[in-house]
Amino acid sequence: MSDPREQLRRYLEQRRELGEREFVLDQLSVEEALRIVGAKPEAPPQVSTDSGASDVRREESAAPDDWRAALRAAGAAPAAKKSGRGSAPTGIPASTPEVGGQLAPPGIVVGTTSRDLFGSGGPSIDSLDSLAKAIATCTRCPLYSTAKNPVPGEGNPDADFMLVGEAPGATEDETGRPFVGQAGQLLEKILVAIDFARADVFIVNVLKHRPPGNRNPRPEEVSACSPYLVRQIELIRPKVIVALGTFAAQTLLETKLSIGKLRGQIHRYYGVPLIVTYHPAALLRNPAWKRPTWEDVQLARRILDRAVSGA
Ligand code: URA
Ligand code: URA
């Protein structure tokens with residue numbers, strides 16, 4: 001068995017090649033990583049010193065620089081070894097699937113350009129606020145009668161990055177806000193890992209009212225509700241859409257293909273690149289999906305970075 005430090009160094013190098021900046025989605029916790037390299041579980045060295053906060057630094061949510069400093073102090077800083085595959089420190093990692101200069105192969109194309117989203121006869125609601133008001137008084141399907149609150153979605157109206165979930169759960173129904181329960185907390189960690197605060201992005205669901213007991217959305221509910229989603233996408237005009245879970249993916253891409261088949265491709269939704277990944281609630285049940293999810297959100301982030309930089 002090789003030296004654990006060497007193992008960890010190799011592991012970190014691999015992760016860096018994948019473009020990762022922070023462990024959020026792996027099964028190795030920061031504490032475990034630190035234990036492997038023999039770091040003390042106390043507050044890591046070289047952190048800004050307001051003493052008494054050491055407990056906080058032991059949490060997984062400790063600032064990335066803290067545990068990086070600890071890893072360095074423990075002698076685990078990755079050696080500057082060339083992989084020979086030309087991965088630049090901050091560039092597109094060599095392990096990213098590249099097809100014809102693209103980050104990932106093209107997938108399903110729904111619609112052509114965003115101008116076609118509505119055509120004529122679509123809802124004429126021209127702001128997200130008006131849309132939220134329309135959702136709040138919507139009776140197009142029966143879910144409004146059992147839900148406590150509408151959950152129209154929220155975030156930065158100018159967001160480049162938009163995430164689409166399935167439907168509100170109990171906590172969302174109570175609060176009127178999307179992804180605020182357990183799955184929402186994981187989603188926030190995922191966002192932080194790709195350098196987003198929750199307020200940077202826009203988060204919505206396919207359904208705006210909670211299905212009773214979290215049962216699956218019904219087709220007639222989806223068709224009743226989807227004009228709102230479509231209008232949200234048109235008003236926000238994101239540069240990247242991430243479909244969270246089977247339901248959002250299959251709805252937006254008008255397909256019955258499984259997540260396993262839909263991941264790893266750059267689909268187009270009326271011209272907007274759309275990436276499919278696992279639903280955070282599914283990750284809570286099946287941690288083995290964290291790694292692929294990590295790759296998916298990194299891909300989405302790189303697509304956005306390229307779009308923004310005009311590359
Ligand atoms: N949080 C996680 O979920 N995974 C890690 O590897 C580290 C922090
Ligand atoms: N799951 C979803 O799909 N959406 C939410 O808002 C919360 C949980």
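Not measured: the values here are computed from a predicted model. The figures that follow rest on heavy atoms only: side chains count, while hydrogens, waters and symmetry mates do not. Remember, it's 1-based here, ligands and their atoms both numbered in the order they're listed.
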Margin query: Heavy atoms only, cut-off 4.0 Å: how does Glu172 contact ligand 2, side chain, backbone, both, or neither?
Written below: side chain

Margin query: Counting neighbours of CD on Gln182 that are heavy atoms of other residues, nucleotides or ligands and sit closer than 6.0 Å, is the number greater than 12?
Written below: no

Item checked: Gly165: numbered ligand 2 atoms lying under 4.0 Å from its heavy atoms -> 3 (O)

Margin query: Quick check on contacts: which atoms of ligand 2 are under 4.0 angstrom from a heavy atom of Glu166?
Written below: 2 (C), 3 (O)

Notebook entry, point to check: Just which atoms of ligand 2 are under 4.0 Å from any heavy atom in Pro178?
Noted result: 6 (O)

Check: Heavy-atom distance under 4.5 Å between the side chains of Val164 and Val242, does that happen here?
Finding: no

Item checked: Glu154 side chain vs Arg177 backbone, donor-acceptor pair below 3.5 Å -> no

Item checked: Residue portion contacting ligand 2 (non-hydrogen atoms closer than 4.0 Å) for Ala167 -> backbone

Item checked: Shortest protein heavy-atom distance from atom 4 (N) of ligand 2, along with the residue and atom involved -> Asn205 OD1, 2.7 Å

Margin query: For His279, state whether at least one heavy atom is located under 4.0 Å from any atom of ligand 2.
Written below: yes

Item checked: Contact (N/O only, under 3.5 Å) between Phe179 and ligand 2 -> yes

Margin query: Tell me whether Glu221 contacts the main-chain N or O of Leu143 through its side chain, where contact means a donor paired with an acceptor under 3.5 Å.
Written below: no

Next item on the list: Report yes or no: does His209 contribute a side-chain atom to a donor-acceptor pair with the main-chain N or O of Ala147 at less than 3.5 Å?
Entry: no

Acceptor/donor pairs from residues 276-289 side chains to any protein atom, 3.5 angstrom cut, sequence neighbours excluded:
residue : atom : partner : partner atom : Å
Thr277  : OG1  : Asp296  : OD2          : 2.6
His279  : ND1  : Ala281  : N            : 2.9
Asn286  : OD1  : Ala288  : N            : 3.1

